[in-house]
2 protein chains.
Amino acid sequence: MTNVVALANDRAPRKRDAEATRAAILAAAKEHFARSGYDGTFLRGIAADAGVDAALINRYFGGKDGLFQAALKDSIAPDAISQWSRESFAHDVATMMAGHAHQHAERAHSFQFLLRAATSPVTAPLLNVAVQERFMGPIRDWIGGEDAEARARVLASVFIGLLVERLIRDEPLAGREREVFIERTAAVLQSLVEK
Amino acid sequence: MTNVVALANDRAPRKRDAEATRAAILAAAKEHFARSGYDGTFLRGIAADAGVDAALINRYFGGKDGLFQAALKDSIAPDAISQWSRESFAHDVATMMAGHAHQHAERAHSFQFLLRAATSPVTAPLLNVAVQERFMGPIRDWIGGEDAEARARVLASVFIGLLVERLIRDEPLAGREREVFIERTAAVLQSLVEK
DNA sequence: GATCTAAGTCAACGCCCGTTGACATCGGTT
DNA sequence: AACCGATGTCAACGGGCGTTGACTTAGATC
C-alpha cells in the first residue's frame with residue numbers, strides 16, 4: 001500500500017521537510033519577536049508554536065541571535081519603495097495612516113517587530129544596519145536630488161512617527177478630522193520629496 | 001577624636017539614610033530601565049550603581065515590578081510644552097534632534113523609558129494614558145486654531161518619529177547634512193503649527 | 001532490503017536572574 | 001552604658017533560559 005498522505009508531486013511527500021520547518025520556525029519567530037520583543041520571547045515558545053523541538057532552532061539558525069537576524073531581514077521589504085508613484089505616494093501614505101491598523105495587519109505586524117527591535121540595546125545595532133541598507137538606501141535613491149540623505153532621514157522619521165502613533169492609538173480618524181489629518185500629512189510628505 | 005567625615009550640619013552626617021538610598025536606587029533604576037528596558041535591566045546592576053546591596057531594592061520597592069512602577073511614575077514629569085516659544089520652537093526642536101541624544105540626556109532618557117514601557121503589555125495602557133494626557137492634550141491646546149486635534153496628531157507623530165529615529169541611530173549629523181536636516185525638519189514642524 | 005545521511009528528539013548542563021531569610025551594624029532612646 | 005529598631009550585608013535557593021551533544025528515526029540511494 002502506498003503512502004496515504006498526498007503525493008503525486010515529482011518530489012515525495014516527505015513529512016520531514018527542512019525548508020518547511022525552517023519556514024515554520026521563522027514565521028513563529030516573527031510573531032513572537034513582534035509581540036514580545038527580543039528578551040520577552042523564548043525559543044521554547046517559538047518551537048512549540050512551530051511544532052518542533054527547540055534544539056532545531058539552533059541547528060537551523062545557529063542560536064537566538066541568528067534567528068532574530070533572519071526574522072529581521074525577512075521583515076524589511078525594500079522592493080515596494082522603488083515602485084512608489086511620485087505623484088500619489090504622499091496622499092496614498094497619508095490615507096493609509098488615517099485608516100485602521102488592522103487593515104494593514106501585515107505591515108503593522110512587521111513594523112511592530114521593528115519597533116520592538118529598536119527598544120532593546122541588544123537588537124538596536126542590528127536594526128540600525130538593516131534599516132540603513134534596506135530602507136534608508138532605497139528611499140534616498142528614490143527621492144534623489146540634492147541632499148537626498150538628509151531629506152531621506154527626515155522622511156523616514158515622519159514615516160516612523162506616523163506608524164508609532166498608529167500603533168499606540170488605534171482609534172481611526174473620521175469625518176473632517178480625518179480629512180485634515182490626511183491633508184496635512186500628505187503636505188508634509190510631499191514637501192520632503194520635492195527638492 | 002571627632003569624626004573625620006564632614007559634619008557641621010544641623011543634622012548628623014549619618015551614613016545610613018533611608019530616603020537617600022531610596023532616591024539613589026530610584027535614580028539608578030530610571031537610567032537602567034531607560035537604557036535597557038524592563039527585561040534588560042538587572043537589579044544587581046542597579047544596586048551596584050546605587051552603591052547598595054540588591055536585597056535593599058526588595059525592601060524598599062517590594063521587588064522589580066514595584067521598582068519599575070515607581071520609576072514610571074517618576075518619569076512622567078509635568079511638561080514644558082506650554083512654555084515653548086511660538087517663534088523658535090520649530091528650529092529649537094529640529095536643532096535638538098540633530099544633535100547627540102546625550103546632550104539632552106534628561107528628555108531622551110524619560111522618552112526612551114516611556115517608549116520601552118510600550119513594549120510590555122502590562123505597562124502599555126499606562127503609556128497610552130500618559131501620552132494622551134501629558135503630551136497630546138498640551139500640544140493641542142498650545143497650537144490652537146482650527147482642527148487643532150488633527151494637526152496635533154500629525155505634529156505628535158513627527159515628534160515621535162524624530163525621537164525614534166534618534167533612538168535607533170545615535171550618530172550625530174554634521175556639516176551641510178546637518179543644516180539641511182534642521183532646515184527641513186523645522187519647516188515641517190512650523191507648517192503644522194501654523195493654521 | 002541494507003545502508004547512510006539528514007531531520008528531529010531528548011535530557012541535561014551551566015549560567016544568571018529575582019528573591020529570601022538569617023545575620024551584622026549603625027544610631028537614636030532611655 | 002545598655003538596648004532596640006531601623007538599615008544594610010551576605011550567601012544561598014529555586015527557576016527558567018539558551019545551548020549542547022548524544023540518541024532516534026524517517027527517507028533517499030544502492
Side-chain angles (χ1 to χ4, degrees), chain A residues 1-26 28-29 32-33 35-71 120-123 126, chain B residues 2-26 28-29 32-33 35-71 120 122:
Chain A
M1 191 184 189
T2 56
N3 199 331
V4 184
V5 189
L7 39 101
N9 291 344
D10 44 356
R11 300 309 265 165
R14 60 169 181 173
K15 211 175 60 182
R16 296 193 162 191
D17 189 334
E19 271 185 61
T21 59
R22 196 192 136 96
I25 291 172
L26 194 58
H32 276 251
F33 281 133
R35 196 190 319 131
S36 311
Y38 183 85
D39 295 316
T41 71
F42 314 119
L43 297 188
R44 286 173 168 87
I46 293 175
D49 275 15
V52 299
D53 190 273
L56 268 193
I57 295 176
N58 228 282
R59 185 196 297 285
Y60 281 120
F61 297 95
K64 192 179 186 180
D65 270 16
L67 177 61
F68 181 83
Q69 292 196 35
S120 166
V122 181
T123 56
L126 300 174
Chain B
T2 56
N3 199 331
V4 184
V5 188
L7 40 100
N9 290 345
D10 44 354
R11 302 307 268 163
R14 60 170 182 169
K15 216 174 56 182
R16 296 195 162 192
D17 189 336
E19 271 186 59
T21 59
R22 196 192 136 95
I25 292 173
L26 194 58
H32 277 251
F33 281 133
R35 197 191 318 134
S36 312
Y38 184 85
D39 296 314
T41 71
F42 314 120
L43 296 190
R44 284 173 169 87
I46 293 175
D49 276 14
V52 298
D53 190 273
L56 269 193
I57 294 175
N58 227 283
R59 183 195 299 282
Y60 281 120
F61 297 94
K64 192 180 186 180
D65 270 15
L67 178 61
F68 182 83
Q69 291 195 32
S120 167
V122 184

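Chain letters run A, B, ... following the sequence lines, proteins first and then strands; every chain starts at 1.
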Roughly, in whole Å, what's the span from [atom1] in [X] to [atom2] in [N]?
X: A:Glu19; N: C:dA6; atom1: CD; atom2: P; result: 15 Å
X: A:Leu67; N: D:dG18; atom1: CG; atom2: P; result: 10 Å
X: B:Ile25; N: D:dT7; atom1: CD1; atom2: P; result: 12 Å
X: A:Asp39; N: C:dC17; atom1: CG; atom2: C1'; result: 12 Å
X: A:Leu56; N: D:dT24; atom1: CG; atom2: P; result: 17 Å
X: A:Phe42; N: C:dC17; atom1: CZ; atom2: P; result: 15 Å
X: A:Asp65; N: D:dT19; atom1: CG; atom2: P; result: 7 Å
X: A:Arg22; N: C:dA7; atom1: CZ; atom2: P; result: 12 Å

Under 3.5 Å, which N/O atoms of the protein pair with N/O atoms of nucleotides 20-22 of chain D?
unit_1	atom_1	unit_2	atom_2	d
D:dT20	OP2	A:Asn58	OD1	3.1

5' precedence on DNA chain C between A:Arg44 and B:Lys64 (nearest-nucleotide basis):
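Mapping each residue to its closest nucleotide by heavy atoms, the 5'-most match is A:Arg44.
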Choose from D:dT9, D:dA12, D:dT19 the nucleotide whose nearest atom is closest to any side-chain atom of A:Leu43.
D:dT19
Just by distance, do the side chain of A:Thr21 and the backbone of A:Ala18 share a donor-acceptor pair under 3.5 Å?
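Answer holds: yes.
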OP1, OP2 of C:dG8 versus side-chain N and O of A:Thr21: anything below 4.0 Å?
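Yes, because at least one side-chain N or O of A:Thr21 sits under 4.0 Å from OP1 or OP2 of C:dG8.
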Under 3.5 Å, sequence neighbours excluded: what are the donor-acceptor pairs made by side chains of residues 48-70 of chain A?
unit_1	atom_1	unit_2	atom_2	d
A:Asp49	OD2	A:His32	NE2	2.9
A:Asp53	OD1	A:Ala55	N	2.8
A:Lys64	NZ	A:Tyr38	O	3.0
A:Lys64	NZ	A:Thr41	O	3.0
A:Asp65	OD1	A:Tyr38	OH	2.3

